[in-house]
Amino acid sequence: MDAVAVVSEGAVRGASASGIACFRGIPFAAAPEGPLRFRPPAPAAGWDGVRDATAFGTAPPQVSPAPGAAAAWRAGDGLDCLTVNVWTPDLGGAGLPVMVWIYGGGFKHGSAGRPDFDATQLAAAGVVVVTFNYRFGFEGFGHLAGVPDNRGLRDQIAALEWVQRNIGAFGGDPAEVTVFGQSAGAASAALLLASPAARGLFRRAIAQSVPDAFLPAAQAERVTTVLAAEAGVPATWEGFAALPPEAILRVQDTPLQGPQAGFSAFGPVIDGELVTGPPWEVIRRGAGSEVELICGFTHDEARWYTAAMDADALPLPAVADSLRLPVSVVADYRSAHPDSTDAELVTVLLSDALFRMPTTRVAEAHARAGGRTWLYDLTWPSPRLGAGHILDVPLVFGNATSPLATRFLGTPPPADFLTLSENMRAAWTSFARDGDPGWPRFDLTNRTTRLWDLPATDVPYPLERSRRIWEGVERGR
């Protein structure tokens, strides 16, 4: 059944089924092409009549994340990717809480049109859900002299501004917006929370697995220099703007060497303007303390990466060295986990370094600044990858048969997954509704942490041994 809403650029026609109206592919900014390429987002043009909004917009330029995986973008798809999607349970209503999703993907992959992010089940809990595309890779985070950095973050701010202007047309309350994101999306949520440029655009945030993925300006400049040389163009706006997106994608991994291979050369740039430091440093100084915040991680984060690797190819000392950690850390981890093999310790160390400790730092900084903070550790072991990175996404969206869910669960999904998903969705939507996810707040005295399993339990911070090791690392730097 058709559903029509009127936004600031014109009328849009979506589709309604099972009590949820869904609108897809609505522009929130102009296509970043031609003179707008590698520039901050510009306003979208309006239109006459009623625009069809039943299909997702074009994904941002990217390559397939793995051999044989379906490509979200192909050469010829173009750059007109800055669109939003809205699910609402009450199109004619008003005052509903709003949840705005920021996808992950290592600042290298992603699309709001993935079936993993279908928000039908979340919206059925009585919230309006918004997903959107933002630029990543060089298009969104490449450094070019004379051009503002962090265009992907600026896209996110533009999408949140669109929500403020238009969410009332879908029954949502612009004063009750919760930003939630995973991995790169969690880093984005934390940075937006800390940025004056996003102040007032959302009231609450949920940061699921915050990575340590922030680039000093000098490193971003080096990446540009390497890519320009590989592509045979000057390291200027004119040089890169003359290249089609697929030409940049072909060389985007050139700066990655050795242990970094497979990760991303791109991420938010510490530009001194929009991003003034890692979020935990900025939040510790009081930025964003007025925003209510849930932080959390999956217990076995690195299983997503290490499960398919040969354990003998990842010796613990070499992994520690690739992370530029002192040699003493290897002994510290072995002492803290005497019953674990070195292969198991690689997963623990990488989980800490990549996500668990950065997320903990954000929670600690927010609590120290006086913010209302909650922390969780997702410990439920999926059948295939344990509590690995990204497990929280199908749980929160409730999509048990999506590609991500199937990778963790197989088919059919276990009943435990469905029960835990209901519990987590209830907590997330309760937080969006009234700022209470249903477990005690995290503070620096009690450090209460929710363990998401069946049943859920609330315990003192469960990674104290790792936290002390990393405190020692930080003191030594």
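Throughout, numbering of the chain's residues begins at 1 and tracks the sequence. Everything quoted here is computed from the prediction, not taken from an experiment.
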**Short side-chain to backbone donor-acceptor contact, S421 and L395, under 3.5 Å** = yes
**Asked** Does Y376 have R450 sitting over its ring (NZ/CZ under 6.0 Å from centre, angle to axis within 45°)?
**Response** no
**Request:** Could you walk me through whether F397 and W101 pass the ring-ring contact (aromatic ring centres under 6.0 Å, His included) test, one step at a time?
**Result:** CA-CA 10 Å; F397 278 89; W101 172 250; 4.9 Å; yes
**Request:** Under the side chain to side chain donor-acceptor pair (under 3.5 Å) rule, what do S466 and D352 come out as? Steps first, then yes or no, please.
**Result:** CA-CA 7 Å; S466 290; D352 285 341; 2.6 Å; yes
**Request:** Please work out whether the ring planes of F355 and Y305 are parallel, tilted or perpendicular, with thresholds of 30° and 60°.
**Result:** parallel
**Request:** Could you verify whether a donor N or O on one side chain and an acceptor N or O on the other, from T448 and D458, lie under 3.5 Å apart?
**Result:** no
**Request:** Using distance alone, with no hydrogens and no angle criterion, decide if S8 and N166 have a side-chain donor and acceptor under 3.5 Å apart.
**Result:** yes
**Request:** Report yes or no: do D271 and N150 form a side-chain donor-acceptor pair below 3.5 Å?
**Result:** yes
**Prompt:** Between R154 and E273, is the closest basic N to carboxylate O distance under 4.0 Å?
**Reply:** yes
**Message:** Does the plane of the ring in F417 sit parallel, tilted or perpendicular to the ring in W380? Use 30° and 60° as the thresholds.
**Reply:** tilted
**Message:** With a 3.5 Å distance limit and no angle check, can you tell me whether T449 reaches the backbone of R447 through a side-chain donor-acceptor pair?
**Reply:** yes
**Asked** Do C81 and Y134 have side chains that get closer than 4.5 Å, going by heavy atoms?
**Response** no
**Message:** Assess the residue pair L349 and L325 against the criterion (side chain to side chain contact (heavy atoms under 4.5 Å, CB included)); give the C-alpha distance rounded to whole Å, side-chain angles, the decisive distance to 0.1 Å, and a yes or no.
**Reply:** CA-CA 11 Å; L349 173 58; L325 296 174; 3.8 Å; yes
**Prompt:** Is a donor on one side and an acceptor on the other found under 3.5 Å between the side chain of D116 and the backbone of L404?
**Reply:** yes
**Message:** Under the criterion side chain to side chain contact (heavy atoms under 4.5 Å, CB included), I'd like the reasoning laid out for L420 against D453: C-alpha separation, chi angles, the key distance, then a yes or no.
**Reply:** CA-CA 7 Å; L420 182 58; D453 203 335; 5.7 Å; no
**Pairing of R361 and E281 as salt bridge, 4.0 angstrom limit** = no
**A112 backbone acceptor or donor facing N133 side chain under 3.5 Å** = yes
**Message:** Can a donor-acceptor pair be found, under 3.5 Å and without considering hydrogens, that links the side chain of R151 to the backbone of P148?
**Reply:** yes
**Asked** Between N399 and T401, is there a donor-acceptor pair closer than 3.5 Å when you use the side chain of the first and the backbone of the second?
**Response** no
**Message:** If you apply the rule side chain to side chain donor-acceptor pair (under 3.5 Å), what do you find for N85 with T131, and how did you get there?
**Reply:** CA-CA 5 Å; N85 318 291; T131 68; 2.9 Å; yes
**Message:** With a 3.5 Å distance limit and no angle check, can you tell me whether S195 reaches the backbone of L191 through a side-chain donor-acceptor pair?
**Reply:** no
**Request:** Would you check if there is a donor-acceptor pair between the side chains of Q182 and S209 at a distance under 3.5 Å?
**Result:** no
**Request:** May I ask you to check whether T373 and H366 show a side-chain donor-acceptor distance below 3.5 Å?
**Result:** yes
**Prompt:** Judged by atom type as modelled, is there a donor-acceptor pair below 3.5 Å linking the side chain of D443 to the main-chain atoms of T445?
**Reply:** yes
**Message:** Checking L391 against L385 for the side chain to side chain contact (heavy atoms under 4.5 Å, CB included) test, could you report, in this order, the C-alpha distance in whole Å, the side-chain angles of both residues, the deciding distance, and whether it holds?
**Reply:** CA-CA 9 Å; L391 174 61; L385 289 171; over 6 Å; no
**Asked** Relative to W470, does R475 satisfy both conditions: NZ or CZ under 6.0 angstrom from the six-membered ring centre, and within 45 degrees of the ring's axis?
**Response** no
**Item:** Under 3.5 Å donor-acceptor, Q164 side chain and P174 backbone
**Value:** yes
**Request:** Test the R51-W47 pair against the cation-pi criterion, namely NZ or CZ under 6.0 angstrom from the six-membered ring centroid and within 45° of the ring axis.
**Result:** yes
**Message:** Can you see whether T429 engages R425 through a side-chain donor-acceptor pair at a distance of less than 3.5 angstrom?
**Reply:** no
**Prompt:** Pairs in or reaching into residues 148-175: which pass ring pair (Phe, Tyr, Trp, His ring centres under 6.0 Å), with residues at least two apart or in two chains?
**Reply:** F23-F170
**Prompt:** How far apart are the C-alpha atoms of F297 and W452, what are their side-chain angles, what is the distance that settles it, and do they pass the ring-ring contact (aromatic ring centres under 6.0 Å, His included) test?
**Reply:** CA-CA 10 Å; F297 42 79; W452 277 115; over 10 Å; no
**Asked** Once the angle between the rings of H337 and Y333 is folded into 0 to 90°, is it parallel (under 30°), tilted (30 to 60°) or perpendicular (over 60°)?
**Response** parallel
**Message:** Regarding R368 and E364, does a basic nitrogen lie under 4.0 Å from an acidic carboxylate oxygen?
**Reply:** no
**Message:** For R467, is there an ion pair with E471 - N to carboxylate O distance below 4.0 angstrom?
**Reply:** yes
**Message:** Is it the case that the side chain of T406 and the backbone of P403 share a donor-acceptor pair, with hydrogens and angles ignored and the cut-off at 3.5 Å?
**Reply:** no
**Item:** Pairs satisfying salt bridge (charged side-chain N to carboxylate O under 4.0 Å, His left out), at least one member in residues 285-305, at least two apart
**Value:** R199-E290, R204-E292, E292-R372
**Message:** Working to the nearest 0.5 angstrom, can you tell me the gap between S188 OG and F107 CZ?
**Reply:** 4.0 Å
**Request:** State, without any angle test, whether Y103 and S183 hold a side-chain donor-acceptor pair at a distance under 3.5 Å.
**Result:** no
**Message:** Less than 6.0 angstrom separating the ring centers of F442 and W374, yes or no?
**Reply:** no
**Request:** Establish, from distance only, whether the side-chain atoms of W428 and Q208 form a donor-acceptor pair under 3.5 Å.
**Result:** yes
**Request:** To the nearest 0.5 Å, tell me how far R165 CZ sits from L160 CG.
**Result:** 11.0 Å
**Message:** Strictly below 4.0 Å, N to O, side chains only: are E176 and R203 in salt-bridge contact?
**Reply:** yes
**Prompt:** Do any pairs count as a ring pair (Phe, Tyr, Trp, His ring centres under 6.0 Å) and have a residue in residues 266-291, sequence neighbours left out, and if so which ones?
**Reply:** F214-W280
**Pair T379, D377: side-chain N/O donor-acceptor within cut-off below 3.5 Å** = no
